[in-house]
Amino acid sequence: MRKVGLVLIVLLVLGVFVGASSAQEGIPEHTECMFDATGQTITIHHIGDLSGPFAPITQPLLAGFDDAIGWFNEHGGLCGATLAQSPNDTGSDRSLTQAHYDRVSTEIDPPLLVLYSSDDSELLRNQLAEDEISVLISAGSIEGLYGEDAASPGWSFATNPLYVDQLGSFCDWAAENIDDPVLGYIGWDTAFGHAAFTPEATAYCESVGVEVVDDAEFYSPAATDISAQIQNLVDAGANILYNQSLATGPALVAATVVNMGLEDSVTLAGVNWALDTSVGLLGQSTFGADGLPSTNGIVGSVPFRWWTELDNPGIQLITEVADANERPPTVRNIAYLLGWQTVDLFIEAYIQTANREGGFENITGAAIRETLETMEYSPLGLFDVDYADGALRDTSANRIGVLEYLGENGGPAGPDNPPVVQTAGDQQFLIPIVVPLTDFEETPDLRPGGADVPTE
Amino acid sequence: MSANIRPAGTFDTSYEQDIALNRTRGDKLLAYGALLIILLIPLLTAAGPFGLDVVSVRWIGVINRIAILMIAVQGLNILLGYTGQISLGHAAFMAVGAYSSAILGREFGLTFWLALPLAALFTGFIGLLFGLPSLRVKGFYLAMATLAAQFIVQWFIVNFEPLVPYTRGALPLEVPHPTLFGLSFASDFAMFYIIVPLAVVSLIVARNLVRTRTGRAFISVRDNDLAAELLGINVFAYKLQAFFLSSVYAGVAGVLMAYDTNSLSISGFQLDFSIELLAMLIIGGAGFPMGPLFGVAFVNLLQDVIIPEVTPFTRDLLQTLLPFAEPASIAASINPFLFGISLIVFLILEPRGIAHRWEILKIAWKIRPYSY
């Protein structure tokens, strides 16, 4: 225990030291304000599921918004204006999404709105265009961003790559790193869960040497037994299970694989959400033969900088604030980072638009859209925004990483590096970490008719 | 029922008076006045032709949603409230209506005005099919049979290969705007004048239905199916009729929902939605014609209007009362917390539904001052 304590203290001191010394240095600076907004309050309105299946992800998102807004307000706000947030919980109910949108769009009419889920962006796509409201979203369904024809960029701008492109990225990696790769696709039986399993993605994966099982398997977010779905994929020859779900979803797949004794014969993989801290924590109800949680070793997309990359000034700042606010490990997840990124991008979009339009009072949804379409910016240095002069609505850089657990010697836990066990109250848990396996690379464009879709 | 009660000294003097839906001047004033006010609401918004901003545009959307769900719950009322047959698959029947109308519009170029009745009838026949088990089972067993409908319909829409090119499986489906003589019903304002009249018609039909031979047969089946059969009522046929009518209502609601949002996804028609519809009926009062309206309005106003309004205050209050709780968790708990508390309190105080309380109030008013 003494060793564990020592490692934790070293990590903490290192983190605080690095954070304290250079938290703000090296972070991409906002464009200089040409107009002063002191005395105003600018509210970030967001609509999403806070109490339904997305809750393990979205509750930390609120914490991320809170901490980011608090920090930016302490450091000058938005050109002097005070930032605030107004969350609207949908519980994953489309009619509530519609109700919240009606209220916000008619009574507040914000030029820029934040959404979380593919389903919401698909539902509101046409209405956003009619009402001319721009949206920042951390979801990547083709229909939500580009419409049914996949060629009509809408008013939503994603802060991650399309899910279908993420699958293509993963196939590139799998073709080089897994012997005779056969990918079985398993996801939630929702629009999000189905989003990456398209003929284009399948054709691309096969073109780079990854065979794809013809029939994908799907399960309800409320499902507790998915052994039949996994057995079907394994029977069809899958040695990779690519999971398109989040929070409890990947944890259930991982636990089922361990319980079925398949952990040595399949590689677990998934969309960017499948590598999240929430998955790493939820996966600790089932342990594999190696003594590590079932979720250890999930490979997937890491399209922005992660908590472990303390050499990144943005991560240093976020860690410093999270430490200062005593954020527990359950909060230090992908969504907390997203909260920060979104607030930073929101501020930059507002400043650039106000500068161009001649003041904050002239900001409209259409003006924000124009700004975002041409913006080249890196929110807190965590990822790059470049929507290619309006041709794109998603980010196009991705890298592959693996979800592992912190070992006592500093790196990922393994046979020679026992995992660090953290105690919080009467609970003990291992600390999930994400280790990048590749550098950032351009994702293939796998929209229908996309540049990288195999022609034959 | 208050409809049968008249103020002291007021008598029917003709058959017309005897069969009228609104039998007193007060009833008529209330019904027509309420309808007139509702129909005027869009004209008082900024979206109206006069550009008045007396009422927020948001209310058009709120009323549209209430009206659509009222039609769906009215269908459930016919089945459960009048005929005593439970259904846990009502959302699936709405999905049938929504998808079939969208496919008719997208793939076959049918106008909304043709797609609506065709989709409603088709939904009726699908409902009829799933009503067949009602011949042999009832109560919880019938609930299970209709639960199967929920999953079977969902599976067909998402996974049945011959259908997937039309339904796009679990992916969203864009639905065209209704048009009439070149006019597009693209806005909430325009859709209001399709949705609300249909909801009014559905309410009148349901109110009349209980007074017909069929309606009385439904009620006898609900109250005692054995006795009904001994009286010569073909119980099975009437149960099937109830399933058909209920599904037609669900189909109409599904069509309106699809064309109102212009976007369709199977995620909007899951089991929890079926249960929500059932909850709305129970809150409003099963077996009362006005029950669906009250139940849907109560739930929607609570969720769409009241909870968002009180959320900031409640969040601050809870953060003060529970300083140890994570603020983010508090924010996420408010909606289910307030909704759950309201339902529990309501069901304890008025277990027979709002419509029952409404009837009591109306009777008390009509027989005043002789309340005993």
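First the proteins, then the strands, lettered A, B, ... as listed; each starts at 1. This structure is a prediction, so every number in the text was calculated from the model and none was measured.
Using modelled atom types, one side-chain atom of A/Glu148 and one backbone atom of B/Glu174 make a donor-acceptor pair closer than 3.5 Å.
Contact of B/Glu276 with chain A is made through the side chain alone, with heavy-atom distances under 4.5 Å. When heavy atoms are compared at a cutoff of 4.5 Å, A/Glu107 approaches chain B solely by way of its side chain, counted from C-beta outward. Proximity to chain B is absent for every atom of A/Asn88, based on heavy atoms less than 4.5 angstrom apart. Interface remark: B/Ile60 contributes no atoms to any contact with chain A (heavy atom separation under 4.5 Å). Contact of A/Asp93 with chain B is made through the side chain alone, with heavy-atom distances under 4.5 Å. Only the side chain of B/Asp188 has a heavy atom closer than 4.5 Å to any heavy atom of chain A. At a 4.5 Å heavy-atom cutoff, the contact between B/Val158 and chain A is made by side-chain atoms alone.
Each of A/Gln127, A/His194, A/Arg103, A/Glu130 has some count of heavy-atom pairs under 4.5 Å with chain B, and the biggest count is that of A/Arg103. Contact tally against chain B (heavy-atom pairs below 4.5 Å) for A/Thr106, A/Leu61, A/Thr58: the top residue is A/Thr106.
The interface of residues 184-193 of chain A with chain B, defined by heavy-atom distances below 4.5 Å, comprises A/Asp189, A/Thr190, A/Ala191.
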**OP:** Before giving the answer on side-chain contact (heavy atoms from CB on, under 4.5 Å), spell out for B/Val57 and A/Asp102 the whole-Å C-alpha distance, their side-chain angles and the decisive distance to 0.1 Å.
**Re:** CA-CA 8 Å; B/Val57 177; A/Asp102 282 352; over 6 Å; no
**OP:** Output, in order, the C-alpha distance, side-chain angles, deciding distance and verdict of side-chain contact (heavy atoms from CB on, under 4.5 Å) for B/Asp304 and A/Leu96.
**Re:** CA-CA 7 Å; B/Asp304 296 4; A/Leu96 268 183; 3.7 Å; yes
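Rounded to the nearest 0.5 angstrom, A/Ser95 OG and B/Ile68 CD1 are separated by 10.0 Å. A distance of 8.0 Å separates CZ in B/Phe151 from OG in A/Ser220, rounded to the nearest 0.5 Å.
Test A/Glu143, A/Gln98, A/Arg94 against B/Ser263 for side chain to side chain contact (heavy atoms under 4.5 Å, CB included) and you get one pass: A/Arg94.
Side-chain contact between B/Pro336 and A/Asp89 is present, with at least one heavy-atom pair separated by less than 4.5 Å. Within the 4.5 Å cutoff, the side chain of B/Pro172 has no heavy atoms near those of the A/Leu123 side chain.
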